There are 2 protein chains.
Amino acid sequence: MTSRGGKRMGAGRPKGTNHYGEPTKPVRIPVSKIDRVLRFVREREDMVPLYGNEVPAGFPSPADDYAEGVLDLNTHLVREPTATFFVRARGDSMIGAGIHDGDLLVVDRSLEATNGKVVIVSINGELTVKRLRQAKGRTWLVPENPDYPPIDFQEQDDTHLWGVVTNVVHSL
Amino acid sequence: MTSRGGKRMGAGRPKGTNHYGEPTKPVRIPVSKIDRVLRFVREREDMVPLYGNEVPAGFPSPADDYAEGVLDLNTHLVREPTATFFVRARGDSMIGAGIHDGDLLVVDRSLEATNGKVVIVSINGELTVKRLRQAKGRTWLVPENPDYPPIDFQEQDDTHLWGVVTNVVHSL
DNA sequence: TTTTTGAATAATGTAACAAGATTCAAAAAT
DNA sequence: ATTTTTGAATCTTGTTACATTATTCAAAAA
């Protein structure tokens, strides 16, 4: 009935006992995206643990602290969001570069297409992926499959270099 | 000097002229994620256009409406965020399945490891990726490279099946 | 010694506010 | 009559304030 607590050292909820372990700030979000944003911040939706070759001690629960070794695929694979697009690979002409039929290619238009890079080129209205080779003042689009011949490349009306392939996503 | 505007129909900034074309609400966000969240809501960071084999008419600007043909890698590759982890592949024993040394493997623990699936297994404290084969009442871990022999698999103290590989991310 | 209690303090969702942006009709200039 | 300037009205937006909830722990009670 009378007072029990009172002013004293250590009373009250300690700092840092919030849901995230760090301070928060209100940020104005468009209503249609509030759900996505809350899922992202609350459930670490796209932060997935990354292991090396050692056996993980146990599978971390979402409540655990992924202080290190977490990976967000968007940030990891898309460096320049506004200059990036995806293309689905067709055929097996680049099988030697690890590009299989149906793979998803991440293409960055902001990277310079230098000798040896794998590039996306449109020829006669069709997209194709090849390795760029510059030698003896000429440029070649070289498949990575002995069944296909290199293509003499010169940028013309019907030919355009779209960007450099940075990653290949292969589904099993 | 005197009044010029005044009370009248149509005065003032019209509704819906905000940055997003819809109302906003303050949402409390952990400080370390404010940058990511703002980039997401403002620049549609992780929505990247996806093309088929036709030549894109032009590169869409971030201001355009990506009503269709956009892809978010996290959603696309990680179906069950809480049951998913990444492992970096080592060696070339699964080269035939399109898995190269250094590739990033997306592993889903919620999928059933059935015959023919590519799985992650720990053996003697080390992680390895192989294809699961069940035949004649026995289970084998089969490499996809003729240089390596199949492994007779039985779940024991030092052996654990961690999950099914759903995607392979290969960097160029 | 163990259990109960409530004062103290932090966290959190949201309302409120101040400053900025935008519009348009009235006033002024031409 | 036509064009330009102006500022009141109104919405947007980043941030602060606040009321409510959650949490902790030492004192009081059992």
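Note that the coordinates shown come from a computational prediction; the quantities given were computed from them, not determined experimentally. Chain naming here is simple, since letters A, B, ... match the order of the sequence lines and numbering starts at 1 in each.
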Whole-Å distance separating the [atom1] atom of [X] from the [atom2] atom of [N]:
| X | N | atom1 | atom2 | result |
| --- | --- | --- | --- | --- |
| B:Leu38 | D:dT15 | CG | C1' | 13 Å |
| A:Glu22 | C:dT12 | CD | P | 11 Å |
| A:Lys25 | D:dT15 | NZ | C1' | 7 Å |
| B:Ile29 | D:dT15 | CD1 | P | 14 Å |
| B:Lys15 | D:dT12 | NZ | P | 8 Å |

Margin query: Hydrophobic cluster membership, with links at side-chain heavy-atom distances under 4.5 Å among I/L/V/M/F/W/Y: are B:Trp162 and A:Leu172 in one?
Written below: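 The answer is yes; both residues are in one hydrophobic cluster.
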Item checked: Members besides B:Trp140 in its Ile/Leu/Val/Met/Phe/Trp/Tyr cluster (side-chain heavy atoms under 4.5 Å) ->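 Its cluster mates, by chain and number, are B:Val142.
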Item checked: Comparing B:Pro14 and B:Pro26 on DNA chain D - which has the more 5′ nearest nucleotide ->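 Closer to the 5' end of DNA chain D: B:Pro14.
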Item checked: Position toward the 5' end of DNA chain D (nearest nucleotide), B:Arg28 or B:Thr24 ->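 First, find each residue's nearest nucleotide; the 5'-ward one identifies B:Thr24.
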Note to self: Under 3.5 Å for both pairing distances: what stems, at least three Watson-Crick or G-U pairs long, include DNA chain D?
What the structure shows: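 Correct response: C:1-30 with D:1-30.
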Margin query: Listing request: all salt bridge (Lys or Arg N to Asp or Glu O under 4.0 Å) pairs with a residue in residues 138-149 of chain A, at least two apart in sequence or in separate chains.
Written below: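 Output for this query lists A:Arg131-A:Glu144, A:Arg138-A:Asp152.
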Notebook entry, point to check: Looking at B:Ala113 and B:Leu132, what are the two nearest heavy atoms and their distance?
Noted result: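 For B:Ala113 and B:Leu132, the tightest heavy-atom pair comes out as O-CD2, 3.2 Å.
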Next item on the list: Could you point out which residue of A:Val118, A:Asn145, A:Leu105 forms a side-chain contact (heavy atoms from CB on, under 4.5 Å) with A:Met94?
Entry: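 For A:Met94, the side-chain contact (heavy atoms from CB on, under 4.5 Å) check succeeds only for A:Val118.
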Next item on the list: Determine yes or no for a side-chain-to-main-chain donor-acceptor pair under 3.5 angstrom, with A:Glu22 supplying the side chain and B:Pro30 the backbone.
Entry: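 No, A:Glu22 side chain to B:Pro30 backbone: no donor-acceptor pair under 3.5 Å.
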